[in-house]
2 protein chains.
Amino acid sequence: MNQYPHSTRLLVAIDCIIFGFDGDEIKLLVIKRNFEPERGKWSLMGGFVNQEEDLEVGAERILYELTGLNNIYVEQLLTFGKVNRDPVERTISVVFFALINIHSHDEESVRAHNAHWVSLKNMPQLIFDHEKMVQNALERLRYKAALHPIGFELLPETFTIPQLHKLYEAIYGMQLDRRNFSRKILSTGLLVDTGEKNENSATKKAVLYRLDKEKYEDKFHSFWYFMPEPSA
Amino acid sequence: MNQYPHSTRLLVAIDCIIFGFDGDEIKLLVIKRNFEPERGKWSLMGGFVNQEEDLEVGAERILYELTGLNNIYVEQLLTFGKVNRDPVERTISVVFFALINIHSHDEESVRAHNAHWVSLKNMPQLIFDHEKMVQNALERLRYKAALHPIGFELLPETFTIPQLHKLYEAIYGMQLDRRNFSRKILSTGLLVDTGEKNENSATKKAVLYRLDKEKYEDKFHSFWYFMPEPSA
DNA sequence: CCAAAAGTGTTGTAGTTACACCCATGG
DNA sequence: CCATGGGTGTAACTACAACACTTTTGG
């Protein structure tokens, strides 16, 4: 077998930031470790990269193992590689972040892994550099959600504008004018009126929308700021 | 020595995308390999991560080795980890991208490494997945330059608005109205008139500006699109 | 019929595009 | 004195923030 000589090989881990939205707050899915090292402490869900496994595949494996979900929004965040970040042995960690509908995961599996949804406001201490990872992921979420129609990934298939509005308020920790927000979102042309209405509401029922998948794919990469607005 | 048992350790490489601007085009600094594997082919500058070296430090080491430059703009891009991306042995590559003033590097060192500036338009074939990396880096550059005052990193300490204008046209491969661009850039308040003028011009001499470092640091992270403009 | 939440209208303002015009310089 | 490129001005348009108002529902 061909090999590069004289080079050190390192452990490569994958850690997953998993965000959810409970209708009020952004939540993070973390596990209380019942294994060593750092048993009893909180950490992100993770694992090691297998020899014959692409990084993305590894991330999907780990996410599936915990949540039972496939086909969720996953994006590579950054790779953390400080020499002493893991006290046991030097480990490079490739961090992914995932957005899921908080009600869709496999409860069994989550319980079996001793995982819990925690709110970002009173997040427990996490092991190693996992808090930095979360901080970084939150910044990325804010960044992307401001520029791309990404928030939907945290909601069910069908959702109402007020739900989306609350979601955005939660992401940015600030109040947004309900009416302007509604227009802004609708003006993207990405939402399709399903004709149905939300039954949960105690007062006036809100219209349920779903994503226009095609337009979503098309428009996903558009953004502008320093550049002039596209005239077409 | 404590170790995680039963886990595979992998080679971890660092590859560097190095962008420059020659006044006309965005250029990429690549090396023509005079070592195995793939001797004689073009590739990005890279190296392996040392056992006792942080990833960022490794990137800076590699960049310094090639260009002789310290304190340049470096940002982690993404980590590439497909199982067969390197035919010799499975290698994870953490990719960084750097922006430098094309005239400031150490010519000696660049020659010694058999490195050359190539234009993106007729870029030679690169080994492995390096072309994907470049593609990705270009997208990131476009993304960031549209939202953050990052273009300056590709220019000398002092520069003129027309230079900056040409730079942005090169980044996006499109024409931008000279006059509106000028106002937009000046309205950021990030440029300071040095009082001096560009001597190179054959006609009217343009004012030389420099960055207001403090404001630059402050404003670096501001951006908006879906969100309302900050009222303060 | 009233409170609470959802949805629609309107207006002033600020930013930006798409221009025209003037200025400085070297040949 | 003229061609070239740099700098400033301006009008029309558009987007959006900040509001008020109407509609629907349950109790």
Side-chain angles (χ1 to χ4, degrees), chain A residues 23-24 146-147 149 155 158-170 172 174-210 219 222-232, chain B residues 23-24 145-147 149 155-156 158-170 172 174-210 219 222-232:
Chain A
D24 214 42
L147 301 161
L155 296 175
T158 63
F159 50 85
T160 67
I161 304 265
Q163 271 181 296
L164 202 55
H165 175 238
K166 282 213 159 192
L167 169 59
Y168 271 80
E169 290 195 328
Y172 296 96
M174 66 191 283
Q175 287 190 296
L176 300 171
D177 186 277
R178 192 174 58 83
R179 300 154 286 189
N180 293 333
F181 177 82
S182 169
R183 250 190 308 269
K184 217 166 195 176
I185 288 292
L186 286 173
S187 76
T188 62
L190 293 176
L191 301 193
V192 184
D193 189 331
T194 62
E196 306 191 29
K197 300 214 170 182
N198 184 14
E199 285 305 316
N200 296 349
S201 172
T203 64
K204 183 170 180 179
K205 285 149 173 43
V207 175
L208 282 164
Y209 291 89
R210 61 173 181 75
K219 290 209 178 178
S222 18
F223 71 91
W224 277 269
Y225 177 65
F226 262 129
M227 309 305 297
E229 293 291 315
S231 45
Chain B
D24 215 42
L147 301 162
L155 296 176
T158 63
F159 51 84
T160 67
I161 303 266
Q163 271 181 296
L164 202 54
H165 174 238
K166 282 214 158 188
L167 170 59
Y168 270 80
E169 290 194 329
Y172 295 96
M174 66 191 283
Q175 286 191 295
L176 299 172
D177 186 276
R178 191 173 59 84
R179 301 153 285 191
N180 294 332
F181 177 83
S182 168
R183 251 190 307 270
K184 216 166 194 174
I185 288 292
L186 286 173
S187 76
T188 62
L190 293 176
L191 302 193
V192 183
D193 188 333
T194 63
E196 308 191 29
K197 301 214 167 184
N198 184 14
E199 286 303 316
N200 296 349
S201 172
T203 63
K204 183 172 181 178
K205 284 150 175 41
V207 175
L208 282 165
Y209 291 88
R210 60 171 181 77
K219 290 211 178 177
S222 19
F223 71 90
W224 277 268
Y225 177 66
F226 262 129
M227 309 305 298
E229 294 291 315
S231 43

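Within every chain, numbering begins at 1; the chains are lettered A, B, ... in the order of the sequence lines, protein sequences first and strands thereafter.
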**Message:** Whole angstroms only, please: what is the CG-C1' distance between B:D177 and C:dC21?
**Reply:** 14 Å
**Prompt:** Is the count of non-hydrogen atoms from other residues, nucleotides or ligands lying under 6.0 Å from B:K166 atom NZ greater than 12?
**Reply:** no
**Message:** Can you list everything that forms a ring pair (Phe, Tyr, Trp, His ring centres under 6.0 Å) with A:Y209? Sequence neighbours excluded, please.
**Reply:** none
**Request:** Let me know the distance between CG of A:D193 and C1' of C:dG7, rounded to the nearest Å.
**Result:** 12 Å
**Item:** Any residue meeting salt bridge (charged side-chain N to carboxylate O under 4.0 Å, His left out) with B:R179, in chain and number order, not counting sequence neighbours
**Value:** B:D177
Nucleotides 6-8 of chain D: which of its N/O atoms have a protein N/O under 3.5 Å away?
from  : atom 1 : to     : atom 2 : distance (Å)
D:dG6 : N7     : B:R178 : NH1    : 3.4
D:dG7 : OP1    : B:V207 : N      : 2.8
D:dG7 : N7     : B:R178 : NH1    : 2.8
D:dG7 : O6     : B:R178 : NH2    : 2.6

**Criterion side-chain contact (heavy atoms from CB on, under 4.5 Å) against A:T158, the qualifying member of A:L208, A:V192, A:N198** = A:L208
**A:N198 CG to C:dA6 P, straight-line distance once rounded to whole Å** = 8 Å
**Message:** Rounded to whole Å, please give me the gap between NE2 in A:H165 and C1' in D:dA17.
**Reply:** 13 Å
**Prompt:** Can you find a heavy atom in the side chain of B:V207 that is under 4.5 Å from one in the side chain of B:I161?
**Reply:** no
**Asked** For DNA chain D, what is the dot-bracket line, given that a base pair needs Watson-Crick (N1 to N3, plus N6-O4 or O6-N4) or G-U wobble (N1-O2 and O6-N3) geometry with both distances under 3.5 Å, and | means paired with another strand?
**Response** |||||||||||||||||||||||||||
**Fill in**
To the nearest angstrom, the CG-P distance between B:N180 and D:dT10 comes to 15 Å
**Prompt:** Who passes side-chain hydrogen bond (donor to acceptor under 3.5 Å, both in side chains) against B:D24, sequence neighbours left out?
**Reply:** none
**Prompt:** Under 4.0 Å between a side-chain N/O of A:K184 and OP1 or OP2 of D:dA17, yes or no?
**Reply:** yes
**Asked** Given atom CD1 of B:I185 and atom P of C:dT16, what is their separation to the nearest angstrom?
**Response** 11 Å
**Results of side-chain hydrogen bond (donor to acceptor under 3.5 Å, both in side chains) for B:E169 - residues two or more places apart only** = B:H165
